Structure formats: C-alpha cells, structure tokens
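Dropping a structure here in structure tokens format, bear with me for questions.
From a predicted model like this one, the values you see are computed outputs, not experimental measurements. In the text below, chain A, chain B and the rest are named by the order of the sequence lines, each starting its count at 1.
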Amino acid sequence: MPSELTLYNTLTRKKEVFQPLVEGHVGLYVCGPTVYNPVHLGNCRTFVSFDVIYRYLMAKGYKVRYVRNITDVGHLTDDGEDRMSRGARLEQLEPMEVAQKFSNQFHDMMRTFNALPPSIEPRATGHIIEQIEMVREILANGYAYEVNGSVYFDVEAYNNGNDERYGELSGRRIDELMAESRELKAQGEKRNPSDFAIWMNASDDHILRWDSPWGSGFPGWHLECSAMSTKYLGERFDIHGGGNDLKFPHHENEIAQNVGACQHAGARYWLHTNMLLMNGKKMSKSDGNTISPEELFTGDSIHVSEGYDPMVIRFFMLQSHYRSTLDLSDEALQAAKKGYQRLLEAWNSLQEMQASGSAQNGTVGKELTAGLEAAYAEMDDDFNTPKALARVFELVSRINALQGGQLSLDEITARQLTEFRDGLGKLLFDILGLQNRASANGADREALDKVMQIVLDLRQQARADKDWALSDKLRDALQDAGVTVKDGKDGATWSV
RNA sequence: GGUUGGGUGGCCGAGUGGCUAGGCAAAGGUCUGCAAAACCUUGUACGGCGGUUCGAAUCCGCUCCCAACCUCCA
C-alpha cells in the first residue's frame with residue numbers, strides 16, 4: 001500500500017507519520033482492564049478502538065506484538081484497602097478468584113465484540129519481581145526515596161530544574177495541581193504532594209503482599225505498565241495506548257518511571273481513546289450513569305427500547321472517531337442498527353453477483369475500485385473509521401444499483417468484481433472486525449434457506465395466479481415471524 | 001481554580017480556508033398488483049459577537065455553554 005499511515009500523538013499534540021522503530025515491526029502496549037468488577041461498556045469502546053488499530057497495523061503488513069495487561073493488584077479504595085482484596089472480602093473469595101472470575105468475563109465480552117486477543121496479556125501479580133527490580137533501578141538512579149518500607153517517586157528530582165518535564169503528556173504543571181484531597185496515612189511520608197508511591201508498605205491486614213528489599217508490601221498503582229511494557233516490548237517501543245482518563249496521572253507516571261529506570265522514555269507514540277458518554281456524561285462505574293453490555297444486548301434497561309446485537313454496537317462505535325466522545329442513545333443505536341443492516345444486505349447481494357461476461361470498459365468497476373481505495377486511505381489518516389464507512393456506504397449504493405438494475409453488470413469485469421469483493425470483505429471483516437451474522441449459522445441456516453425457498457415459491461405461484469390475498473398473507477405472516485420479504489426484479493429475497 | 005478537548009441541519013457523526021462527508025429520520029419521484037426494499041432528487045447546519053481574508057464551520061480575539069482529567073476508573 002503506497003500511502004503513509006499517520007496518527008495523532010498525544011505527546012506532541014499533532015498528527016505524525018508513523019515510523020516504526022524496527023522496519024516491519026510494531027510494539028503496541030494498551031492499558032488493560034482492572035478485574036475486580038464486571039467490564040463496562042466504556043472499556044469495550046476503548047478495546048474495540050485498539051482492536052481496529054491492531055487489525056489495521058497487521059493489514060498494513062506489520063508484524064505486531066500487542067501487549068495488553070490485566071490489572072489484578074495495586075488499586076486502592078479511599079480507605080486504603082486494595083480493590084482486589086475488597087472484592088474478595090465482599091464475595092468471600094480468594095483475591096485471585098475474583099481476578100480470575102472477572103478476567104474470564106472480560107475475555108468472553110471481548111469475544112462477543114469480536115476483538116482479537118492480544119499477543120501477550122501479562123498480569124500485574126505475575127510481574128512482581130520485575131516491578132521490584134524497576135523500583136530498585138529508579139532508586140539507584142536517584143529518582144525515588146524510601147520511607148518506612150514505602151518507596152516514592154521523587155518528582156522534584158525528576159524535574160531537576162525543568163518544571164515542565166513531569167506533565168509533558170497531559171500539559172500539567174505540578175504547581176497547578178489541586179492539593180491532594182484524600183487523607184491517606186501515607187501522605188505524610190511524601191516530600192511533595194505530587195510524589196507518588198512505586199512500592200507501598202503493607203499494613204498487617206493487607207492480604208495482597210510480597211517480600212521486597214523494603215519489607216512486605218505491594219507495587220504502586222502505575223508501576224505495572226512500566227515494568228511489563230519494558231519487559232515485553234523493550235526499553236523503547238512504538239505505540240502506547242489507553243483511555244483518555246488514564247492520561248493523568250497513570251500515563252504521566254509511567255513515563256516518569258520509565259525515564260527513572262532507563263534514563264529515557266518508553267513509548268514514542270501515545271494514543272488516547274475518548275470516552276463513551278450516555279446522556280452527555282461519561283459512563284462511569286462510580287456514579288451509576290451506566291448501562292452494562294449485557295443490558296444493552298438484552299434491552300433490559302430504561303435507556304434502550306430493545307436489545308442490540310453486539311455487532312450493531314461495534315458498528316455504532318466505528319461510526320465515530322476514536323478520539324471523539326461518543327454519545328450513546330437509543331435513537332443513535334436505532335440508526336446504527338438500520339445502517340448496519342443495509343450494509344450487510346448489500347454485502348450479501350454482492351456475494352450473489354456474477355459478472356456478465358460481456359463487460360467492455362468496466363466503468364462501474366473502476367468506480368468501485370476507486371471508492372474502495374478511498375476508504376482504505378481514510379484508515380491511513382489516524383484510523384478514521386467514520387470516514388472509511390462513509391466511503392463504504394457510497395459503495396453500498398453502487399452495489400444496490402447493480403443489484404436493482406439501475407446500473408449494469410456489463411460495466412464491471414469479472415476480475416474487477418472479484419478484487420472488489422475481496423478488498424471490501426477484508427476491510428469490513430478483517431480490519432473493522434465486523435461479522436456477517438446472517439450467514440454464520442451453518443446447518444440451521446441451510447435448512448432455513450430451503451424452507452424459505454419453498455415458501456417463496458408458493459407465494460410466487462399465488463402472485464402469478466393474482467391471488468393477492470394469499471400472497472399478502474404469506475408476506476405478513478413471515479413478517480410476524482421476523483422474516484422480511486423483499487420483491488426484486490429477479491424474484492423475492494428475504495432476511496431475518 | 002488549572003489542564004485537555006468540544007459546541008455542526010430533527011438525531012448520531014465526519015470535516016480545519018473555496019469543491020456533496022456518511023448513517024438514521026423526513027419530503028417528492030422511479031419501480032411494484034399493493035407494500036417493503038432498492039435507485040434518483042430534495043436540507044441556504046456549523047453556540048454568540050467581533051476580526052483577518054477575494055472567500056471561514058474551518059484562522060485570530062472576546063464571550064457563553066458542555067465534557068473529561070486534576071481522587072479508583074477505558
């Protein structure tokens with residue numbers, strides 16, 4: 001593919017041409033979920049966005065190592081209790097049982113959304129040794145200090161006179177940050193409010209704990225990603241991604257830790273996905289403004305009028321750009337559902353299409369080829385899925401016109417048709433990761449096909465006899481059963 | 001208060017100086033036994049006020065409003 005991939009780098013706040021560190025290879029790290037709660041829809045949007053990015057990089061011919069962690073330790077509640085432990089206490093389970101349960105659930109959900117699994121999915125608890133080692137290095141380099149068995153990152157030492165160094169990603173300056181509002185007992189141990197823990201001393205009742213050179217404790221909240229990205233992608237790697245809400249402090253601290261340990265930053269390109277909103281506000285675990293994926297699938301929620309297929313939701317997400325907020329509403333989902341159906345129906349009729357064999361100049365074929373190239377070019381522009389889909393829908397009209405006879409199949413050569421079909425299929429299913437559900441049911445589908453053919457033949461006979469009462473009755477009854485009949489030029493087609 | 005990003009036609013959502021985004025909805029037409037589908041046509045949309053420019057949704061200034069982050073969160 002001749003065109004260049006550009007992407008928006010949060011670090012520089014502009015679009016840059018993507019140049020991998022090692023030609024032909026991409027190291028991609030994405031901050032994964034915490035697993036003390038069921039996954040919620042906002043996470044799904046982020047991971048669907050990065051799924052498309054991962055898929056597109058592969059389609060560009062890159063060999064991609066995609067690392068996405070599972071956070072199963074280190075996040076504290078307001079009263080200092082580890083969230084894993086809290087979940088375990090509330091459900092009377094082992095902490096690792098909680099982690100496993102929600103990891104499994106998360107994986108199921110990713111499959112439901114047709115998101116590919118990452119190449120490596122490391123767990124924070126599986127990398128305590130690496131994290132301890134990193135703390136050691138940061139200490140050795142003079143960017144941290146130990147107090148009472150805890151180790152804090154020393155932001156002042158890190159800045160070393162350059163007060164814009166810490167905060168370069170998020171545009172923050174430490175003297176502008178709000179004062180720490182939480183009353184953690186550890187606050188008093190810090191030299192500066194903006195210092196953050198990279199190793200914490202465990203109190204006696206803390207369940208998740210490991211031995212370290214500084215006593216029994218657990219790793220800081222942001223250290224795992226620094227340690228694991230370094231381990232699996234190297235001290236320098238290409239792309240680091242995550243949700244916008246992780247920009248500060250999580251990613252800012254990651255950069256500081258990487259520099260603290262390795263004397264230089266890790267990722268070269270930072271990509272941030274924007275929030276999924278509902279009612280104009282962020283969907284949030286904490287304030288109840290949320291709808292779970294399951295509720296969205298079943299329709300069991302005051303926010304939706306019916307259940308939506310996961311692919312409709314995926315399509316809905318792809319109709320906005322990953323860096324924009326997306327406002328979820330029933331009306332918008334209805335629009336997505338209908339649009340997605342129209343897209344699939346056009347795809348399905350394209351599969352039935354035969355080149356006429358008497359094609360001359362292939363005018364329409366050239367149009368289709370150009371439109372498809374335009375769609376791919378949009379993906380090169382910072383993974384612009386909404387624009388790519390806009391180009392695809394222009395092609396949908398062409399396909400339907402060929403199907404409906406408004407355009408002639410004489411204007412497309414067999415070769416053009418084949419290449420177009422392959423290229424469009426690759427874009428829709430391999431890159432955008434959509435699924436053609438209607439044709440995915442195997443034997444059941446085959447049986448239904450045959451039954452429907454019988455019914456449609458009967459109806460066609462009734463129509464030939466001008467028995468409108470019978471033909472309409474068949475059509476209405478099928479509609480009630482959820483099958484839509486469409487009369488075309490060459491007989492009727494149907495869809496569920 | 002600070003930081004970052006927004007306010008686009010009935011709804012969702014692209015778009016960063018001039019050329020139709022796209023989807024859904026709506027109106028008219030073609031087709032059809034009727035309908036649906038499909039195709040064709042139709043929208044003087046860019047928060048407000050100034051400014052720069054031959055020309056601004058797009059650049060600049062002011063202003064109003066919204067969201068996220070600054071506390072676990074994709």
Side-chain angles (χ1 to χ4, degrees), chain A residues 10 13 30-34 36-37 39-50 71 74-78 83 167 169-182 184 194 221 241-250 252 272-277 280-287 315-316 319-321 323-340 342-343 345-346 349 378 384-394 396-407 463 466 468 471-472 475-476 479 484-489 492-493 495:
Chain A
T10 309
R13 296 201 185 85
V30 174
C31 288
T34 49
Y36 47 74
N37 260 330
V39 63
H40 83 112
L41 200 59
N43 296 57
C44 296
R45 185 200 184 194
T46 289
F47 298 131
V48 163
S49 295
F50 282 109
T71 295
H75 288 69
L76 302 186
T77 58
D78 281 345
R83 285 184 185 270
L169 181 72
S170 54
R172 281 179 169 76
R173 295 169 51 119
I174 48 174
D175 55 355
E176 285 167 345
L177 295 178
M178 260 183 174
E180 179 73 61
S181 58
R182 301 196 304 172
L184 292 179
S194 53
W221 315 337
N244 226 341
D245 49 353
L246 294 182
K247 213 188 278 178
F248 189 90
H250 184 65
E252 202 69 71
H272 287 98
T273 59
N274 218 134
M275 298 295 102
L276 181 64
L277 309 181
K281 293 228 168 97
K282 180 172 116 162
M283 292 186 110
S284 168
K285 283 178 192 173
S286 45
D287 67 12
F315 174 80
F316 169 69
Q319 275 196 302
S320 75
H321 187 85
R323 278 192 289 117
S324 299
T325 53
L326 172 60
D327 204 347
L328 185 91
S329 68
D330 191 56
E331 208 177 355
L333 285 169
Q334 284 290 332
K337 177 184 158 185
K338 287 178 185 166
Y340 187 54
R342 195 159 86 92
L343 174 60
E345 279 164 22
S349 63
E378 301 292 7
N384 199 326
T385 55
K387 280 184 91 175
L389 282 171
R391 300 289 84 74
V392 167
F393 270 99
E394 286 163 2
V396 164
S397 293
R398 303 288 86 184
I399 294 168
N400 286 335
L402 284 168
Q403 178 72 9
Q406 292 90 349
L407 289 175
R463 294 182 72 202
K466 298 202 188 297
W468 309 130
S471 106
D472 287 357
R475 185 175 65 197
D476 294 345
Q479 187 65 60
T484 304
V485 176
K486 293 167 195 165
D487 293 322
K489 275 212 162 20
T493 57
S495 59

Which nucleotide in C34(B), G23(B), A14(B) has an atom nearest any side-chain atom of Ser320(A): A14(B)
Partner nucleotide of U16(B) by Watson-Crick or wobble geometry (both distances under 3.5 Å): none
Write down the partner of A26(B) under the Watson-Crick or G-U wobble criteria, each distance required to be under 3.5 Å. U42(B)
Quiz question: going by heavy-atom distance under 3.5 Å, is there a donor-acceptor pair between the base of A35(B) and the side chain of Arg475(A)? yes
Between Cys31(A) and Arg13(A), name the one whose nearest nucleotide on RNA chain B is closer to the 5' end. Arg13(A)
Give a yes/no on whether any side-chain N or O of Arg391(A) is located under 4.0 angstrom from OP1 or OP2 of G15(B). no
What interatomic distance, in whole Å, is found between C1' of C19(B) and the corresponding atom of G28(B)? 27 Å
Over how many whole Å does the gap from Asp476(A) atom CG to G33(B) atom P extend? 17 Å
Glu378(A) CD to G13(B) P, in whole Å, measures 18 Å
Look at Arg342(A) and C24(B) and indicate whether a side-chain polar atom (N or O) is within less than 4.0 Å of OP1 or OP2. yes
Can you tell me the base-pairing partner of C72(B)? Count Watson-Crick or G-U wobble geometry only, both distances below 3.5 Å, and say none if there is no partner. none
Nearest heavy atoms of Arg13(A) and Leu169(A), plus distance in Å: NH2-O, 3.4 Å
Between U4(B) atom C1' and Glu252(A) atom CD, what is the distance in whole Å? 12 Å
Using only side-chain N and O atoms of Asn400(A), determine if any of them is under 4.0 Å from OP1 or OP2 of C39(B). yes
Please give, in whole Å, the distance from A37(B) C1' to Tyr340(A) OH? 19 Å
Tell which nucleotide pairs with A35(B), taking only Watson-Crick or G-U wobble pairs whose two distances are both under 3.5 angstrom. none
Nucleotide G23(B), atom C1' - distance to CZ of Phe315(A) in whole Å: 6 Å
Regarding A74(B), can its base be found pairing with the side chain of His272(A) as donor and acceptor, where the two atoms are less than 3.5 Å apart? no
Spacing of the P atoms in C46(B) and A37(B) (rounded, Å): 31 Å
Determine: side-chain N/O of Ser324(A) to OP1/OP2 of A14(B), distance under 4.0 Å, yes or no. yes
For Leu326(A), answer base if it contacts any base atom (sugar-phosphate contacts may also be present), sugar-phosphate if it contacts only those atoms, and nothing otherwise; contact means non-hydrogen atoms under 4.0 Å. sugar-phosphate
To the nearest 0.5 Å, how far apart are CD in Gln334(A) and NZ in Lys338(A)? 5.5 Å
Heavy atoms under 4.0 Å, any strand shown: does Glu394(A) hit a base, just sugar-phosphate, or nothing? sugar-phosphate
Minimal non-hydrogen separation, Phe393(A) against Gly339(A), with atom names: CZ-O, 3.3 Å
Enter the distance from Arg342(A):CZ to Ile399(A):CD1 here, rounded to the nearest 0.5 Å. 10.0 Å
Closest contact, heavy atoms only, Asn400(A) versus Gln406(A): O-OE1, 3.9 Å
Has Asn384(A) got a side-chain N or O lying under 4.0 Å from the OP1 or OP2 atom of G15(B)? yes
Let's see if you can work this out: which of A68(B), C11(B), A21(B) has an atom nearest to the side-chain heavy atoms of Glu331(A)? C11(B)
Is there ring stacking between Trp468(A) and G33(B), where the centres must be under 5.5 angstrom apart and the planes under 30 degrees? yes
What nucleotide, of A14(B), A37(B), C73(B), holds the atom closest to the side chain of Pro386(A)? A14(B)
Side chain of Arg398(A) only, please: which of C12(B), G23(B), C40(B) is the nearest? C40(B)
Hey, are Arg172(A) and Ser194(A) close enough side-chain-wise for a donor-acceptor pair under 3.5 Å? no
Base, sugar-phosphate or nothing for Gln334(A)? Non-hydrogen atoms, less than 4.0 Å. nothing
I need the Leu326(A) CG to Met275(A) CE distance, nearest 0.5 Å. 11.5 Å
G23(B) versus A14(B) - spacing of their C1' atoms, nearest Å: 11 Å
Return the pairing partner of U4(B) with a 3.5 Å limit on both distances, Watson-Crick or G-U wobble; otherwise return none. A67(B)
U16(B) and A57(B), which share atom name P, separated by this distance in whole Å: 14 Å
Inter-nucleotide P distance (C40(B), C24(B)), Å rounded: 12 Å
Does the side chain of Ser329(A) get closer than 4.0 angstrom to OP1 or OP2 of C11(B) through an N or O atom? no
Using the C1' atom on both, measure A38(B) against A45(B) and round to a whole Å. 28 Å
Counting any heavy atom closer than 4.0 Å, what does Gly242(A) reach on the DNA or RNA strands: base, sugar-phosphate only, or nothing? sugar-phosphate
Output the rounded distance in Å from CD (Gln319(A)) to C1' (C11(B)). 12 Å
Closest to the side chain of Lys387(A), out of G23(B), G15(B), A35(B), is G15(B)
Among C24(B), A67(B), C69(B), the one nearest any side-chain atom of Lys281(A) is A67(B)
OP1 or OP2 of A25(B) versus the side-chain N and O atoms of Lys338(A): is any pair under 4.0 Å? yes
So, the side chain of Glu378(A) versus the backbone of Arg391(A): is there a donor-acceptor pair under 3.5 Å, distance only? no
Nucleotide paired to C59(B) in any strand shown, Watson-Crick or G-U, under 3.5 Å: G51(B)
Consider the side chain of Ala332(A), meaning its heavy atoms from C-beta on, and name the nucleotide among C12(B), A25(B), G15(B) that approaches it most closely. C12(B)
Just the rounded figure in Å: distance from P of U3(B) to CG of Asp245(A). 20 Å
Might you point out which heavy atoms bring Glu252(A) and Ser170(A) nearest each other, and give the distance in Å? OE1-OG, 2.6 Å
Verify the contact: side-chain N or O of Arg463(A) to OP1 or OP2 of A35(B), cut-off strictly under 4.0 Å; return yes or no. no
Distance-minimising heavy-atom pair for Cys31(A) and Leu246(A): CB-CD1, 3.6 Å
Starting the side chain at C-beta, find the nucleotide from A21(B), A14(B), C11(B) nearest to His321(A). A14(B)
When the P atoms of G18(B) and G55(B) are compared, how many Å lie between them, rounded to an integer? 14 Å
Using the C1' atoms only, state how far C11(B) lies from G5(B), rounded to an integer number of Å. 23 Å
Counting only distance, no hydrogens or angles, is the base of A35(B) paired donor-acceptor with the side chain of Asp472(A) under 3.5 Å? no
Closest to the 5' end of RNA chain B, once Asp327(A) and Ser397(A) are matched to their nearest nucleotides, is Asp327(A)
Quickly work out the Gln406(A) CD to C40(B) P distance and round it to whole Å. 7 Å
